[in-house]
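This report refers to the structure that appears directly beneath it.
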Amino acid sequence: MSNVIIPSVVRSLHNIFTSIWIGGMLAMVISFLPSIRKEIKDGELQGSVIDRIMRQHSKWVYIGIIVLAVTGMLMARLSDQTSGLFNFANPYSSILSIKHILVILVVVIALVRSIAFKNAASSKDKSKKKLSMALLMVNALLGTVILVLSSICAVIG
């Protein structure tokens with residue numbers, strides 16, 4: 001029974017933090033931002049609310065990056081399909097490697113957004129706001145691709 005419990009806990013943590021991170025980005029893009037822009041007419045208040053939500057979500061993203069890295073490594077050790085990081089020896093490893101490349105890109109974009117574009121929504125600089133939102137959209141799209149690749153790995157693995 002113990003050989004089922006540990007992998008189940010590891011995979012559950014991985015799924016939960018993936019949901020928090022990618023689900024949070026998607027919820028931000030498709031629900032929160034449009035609603036805030038529609039309901040709050042004061043641009044300064046709008047920016048303040050968006051920045052506050054982004055700061056709160058960033059805390060979970062940072063925790064998630066660590067949890068996903070640790071649980072991902074544990075899942076790789078528990079899998080008989082994995083043949084090493086960035087290994088393209090078989091279809092499973094190839095898809096997993098592409099997924100990991102995208103994850104690294106998403107992490108870099110997330111870190112750039114949270115450091116270089118901190119409080120961008122409440123900034124007077126419209127180009128900073130636009131670039132920050134464009135990066136969020138790119139990350140939401142990449143996050144969706146990562147979910148699809150994860151599903152493919154689950155099916156063929």
Looking only at side chains, do [X] and [Y] share a donor and an acceptor under 3.5 Å apart?
X	Y	result
Ser123	Asp125	no
Ser93	Asn90	yes
Arg11	Thr71	no
Ser150	Lys99	yes

> Between Glu44 and Lys124, does a side-chain contact (heavy atoms from CB on, under 4.5 Å) hold up when you go through it step by step?
Replying inline: CA-CA 9 Å; Glu44 217 173 286; Lys124 302 288 185 208; 3.8 Å; yes

[X] and [Y]: same hydrophobic cluster, using ILVMFWY side-chain contacts below 4.5 Å?
X	Y	value
Leu111	Trp21	yes
Ile63	Ile146	yes
Ile115	Val107	no
Val103	Leu141	no
Val145	Val148	yes

> Just by distance, do the side chain of Ser132 and the backbone of Lys129 share a donor-acceptor pair under 3.5 Å?
Replying inline: no

> Is a side-chain N or O of His14 found less than 3.5 angstrom from the main chain of Val70, in a donor-acceptor match?
Replying inline: no

So which heavy atom on [X] is nearest to which on [Y], and how close?
X	Y	result
Leu136	Arg113	N-CD, 3.6 Å
Ser94	Ala89	OG-N, 4.4 Å
Val106	Gly143	CG2-N, 4.5 Å
Cys153	Ile95	SG-CG2, 3.5 Å
Met137	Val29	SD-CG1, 3.4 Å
Ile101	Phe88	CD1-CZ, 4.4 Å

>> Test of understanding: with salt bridge (Lys or Arg N to Asp or Glu O under 4.0 Å), list the residues that count as partners of Glu39, not counting sequence neighbours.
In response: none

>> In the structure I gave you, are the side-chain heavy atoms of Met54 and Met28 within less than 4.5 Å of one another anywhere?
In response: yes

> Is there a side-chain contact between Leu33 and Met133, using heavy atoms and a 4.5 Å cut-off?
Replying inline: yes

Euclidean distance, [Y] [atom2] relative to [X] [atom1], rounded to 0.5 Å:
X	Y	atom1	atom2	answer
Leu26	Ser19	CG	OG	10.5 Å
Leu102	Ser97	CG	OG	11.0 Å
Ile50	Ile36	CD1	CD1	5.0 Å
Lys130	Phe117	NZ	CZ	13.5 Å
Ser58	Asp51	OG	CG	10.0 Å
Leu68	Met73	CG	CE	10.5 Å

> Of Leu142, Thr144, Asn139, Val61, which meets side-chain contact (heavy atoms from CB on, under 4.5 Å) against Met25?
Replying inline: Asn139

> Parallel under 30°, tilted from 30 to 60°, perpendicular over 60°: which one fits the rings of Trp60 and Phe17?
Replying inline: tilted

